[in-house]
Amino acid sequence: MAPIHRVTLFKIESENDRKRLLELYQGMPSKALKDGKPYIQSVTAGPTKPDQRAQGFTFAAISVFKSLDDMEYYDNGCAAHAQLKEFAKKAHSGAMMVYLENGV
């Protein structure tokens, strides 16, 4: 089974809110636990660079999971991700998420 790559984009106006979201993502590799162990393979996150193609998205995150089951746990059972979602819901004015298996 190929790893799952999850790409999440946010429209966040406040620089302070983008910094806080980055702090939350920085903690994901060690704080997101499943059966008492870290389960996220990698996280890449940060403010986007100014570009007209960004369509107003100001923050991007790429999380890699071993399996779809792990990503579904991240969405529905992970306490660390619940904390991140709680903050993000209040901070963003738009969000988008897609996920894929690498086809290259």
Side-chain angles (χ1 to χ4, degrees):
M1 179 176 282
I4 300 296
H5 297 254
R6 174 187 175 120
V7 181
T8 308
L9 302 172
F10 297 97
K11 294 179 180 181
I12 299 177
E13 305 265 335
S14 165
E15 184 177 345
N16 286 336
D17 286 347
R18 289 191 300 268
K19 286 179 181 179
R20 176 66 183 134
L21 187 59
L22 179 58
E23 290 170 358
L24 290 166
Y25 269 107
Q26 287 169 334
M28 284 297 113
S30 61
K31 292 182 180 178
L33 304 176
K34 182 179 178 185
D35 300 325
K37 299 176 190 169
Y39 68 97
I40 299 174
Q41 291 186 331
S42 70
V43 175
T44 303
T48 60
K49 298 295 184 187
D51 188 297
Q52 67 183 23
R53 296 169 290 184
Q55 299 182 31
F57 290 100
T58 58
F59 192 95
I62 303 167
S63 304
V64 180
F65 302 90
K66 183 174 121 179
S67 66
L68 186 57
D69 285 342
D70 281 355
M71 190 191 79
E72 288 172 351
Y73 175 79
Y74 182 71
D75 276 337
N76 302 311
C78 179
H81 186 231
Q83 180 185 14
L84 186 151
K85 286 192 298 187
E86 182 180 331
F87 174 78
K89 284 179 183 179
K90 295 174 188 171
H92 79 76
S93 61
M96 180 179 89
M97 187 280 291
V98 297
Y99 59 94
L100 64 135
E101 290 181 0
N102 187 357
V104 178

For a 4.5 angstrom cut-off between non-hydrogen side-chain atoms, does [X] reach [Y]?
{"X": "F87", "Y": "D17", "result": "yes"}
{"X": "Y74", "Y": "S63", "result": "yes"}
{"X": "Q41", "Y": "P3", "result": "yes"}
{"X": "M97", "Y": "V7", "result": "no"}
{"X": "Q83", "Y": "E86", "result": "no"}
{"X": "P38", "Y": "L33", "result": "yes"}

Check: F10 ring centre within less than 6.0 Å of F57 ring centre: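 Not under 6.0 Å, so no.
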Are [X] and [Y] joined in one hydrophobic group, where the rule is that I, L, V, M, F, W and Y side chains link up if heavy atoms are under 4.5 Å apart?
{"X": "I62", "Y": "I4", "answer": "no"}
{"X": "Y39", "Y": "Y99", "answer": "yes"}
{"X": "F65", "Y": "L9", "answer": "no"}

Using the side chain to side chain donor-acceptor pair (under 3.5 Å) criterion, which residues pair with D51? Sequence neighbours excluded.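 So D51 forms a side chain to side chain donor-acceptor pair (under 3.5 Å) with R53.
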Worksheet item: Hey, which of V64, V98, T44 is the one that makes side chain to side chain contact (heavy atoms under 4.5 Å, CB included) with H5?
Response: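 The side chain to side chain contact (heavy atoms under 4.5 Å, CB included) with H5 is passed solely by V64 among V64, V98, T44.
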Are there over 12 heavy-atom neighbours, none belonging to [X], within less than 6.0 Å of that residue's [atom1]?
{"X": "E13", "atom1": "CD", "answer": "no"}
{"X": "E72", "atom1": "CD", "answer": "yes"}
{"X": "K31", "atom1": "NZ", "answer": "no"}

_To check you understand the geometry: which heavy-atom pair defines the closest contact between H92 and G94, and what is its length?_
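Nearest pair, atom of H92 first, then G94: ND1-N, 2.9 Å.
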Self-check item: T58 side chain vs K11 backbone, donor-acceptor pair below 3.5 Å
Solution: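 Checking the backbone N and O of K11 against the side chain of T58, no donor-acceptor pair under 3.5 Å is found.
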Checklist line | Exam field: side chain R18 to backbone I12, donor-acceptor pair closer than 3.5 Å | finding: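 The answer is yes, because a donor-acceptor pair under 3.5 Å joins these two groups.
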Would E15 and K19 count as a salt bridge (Lys or Arg N to Asp or Glu O under 4.0 Å) if you check the C-alpha gap in whole Å, the side-chain angles of each, and the deciding distance to 0.1 Å? CA-CA 6 Å; E15 184 177 345; K19 286 179 181 179; 3.6 Å; yes
query: Got a second to check how far K85's NZ is from L24's CG, nearest 0.5 Å?
result: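 Result: 13.5 Å between the selected atoms.
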**Report entry** N-O pairing of R6 and D75 below 4.0 Å
**Finding:**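 Salt bridge: yes.
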### Query
Stepwise, does the side chain to side chain contact (heavy atoms under 4.5 Å, CB included) test hold for T8 with F59?
CA-CA 8 Å; T8 308; F59 192 95; over 6 Å; no
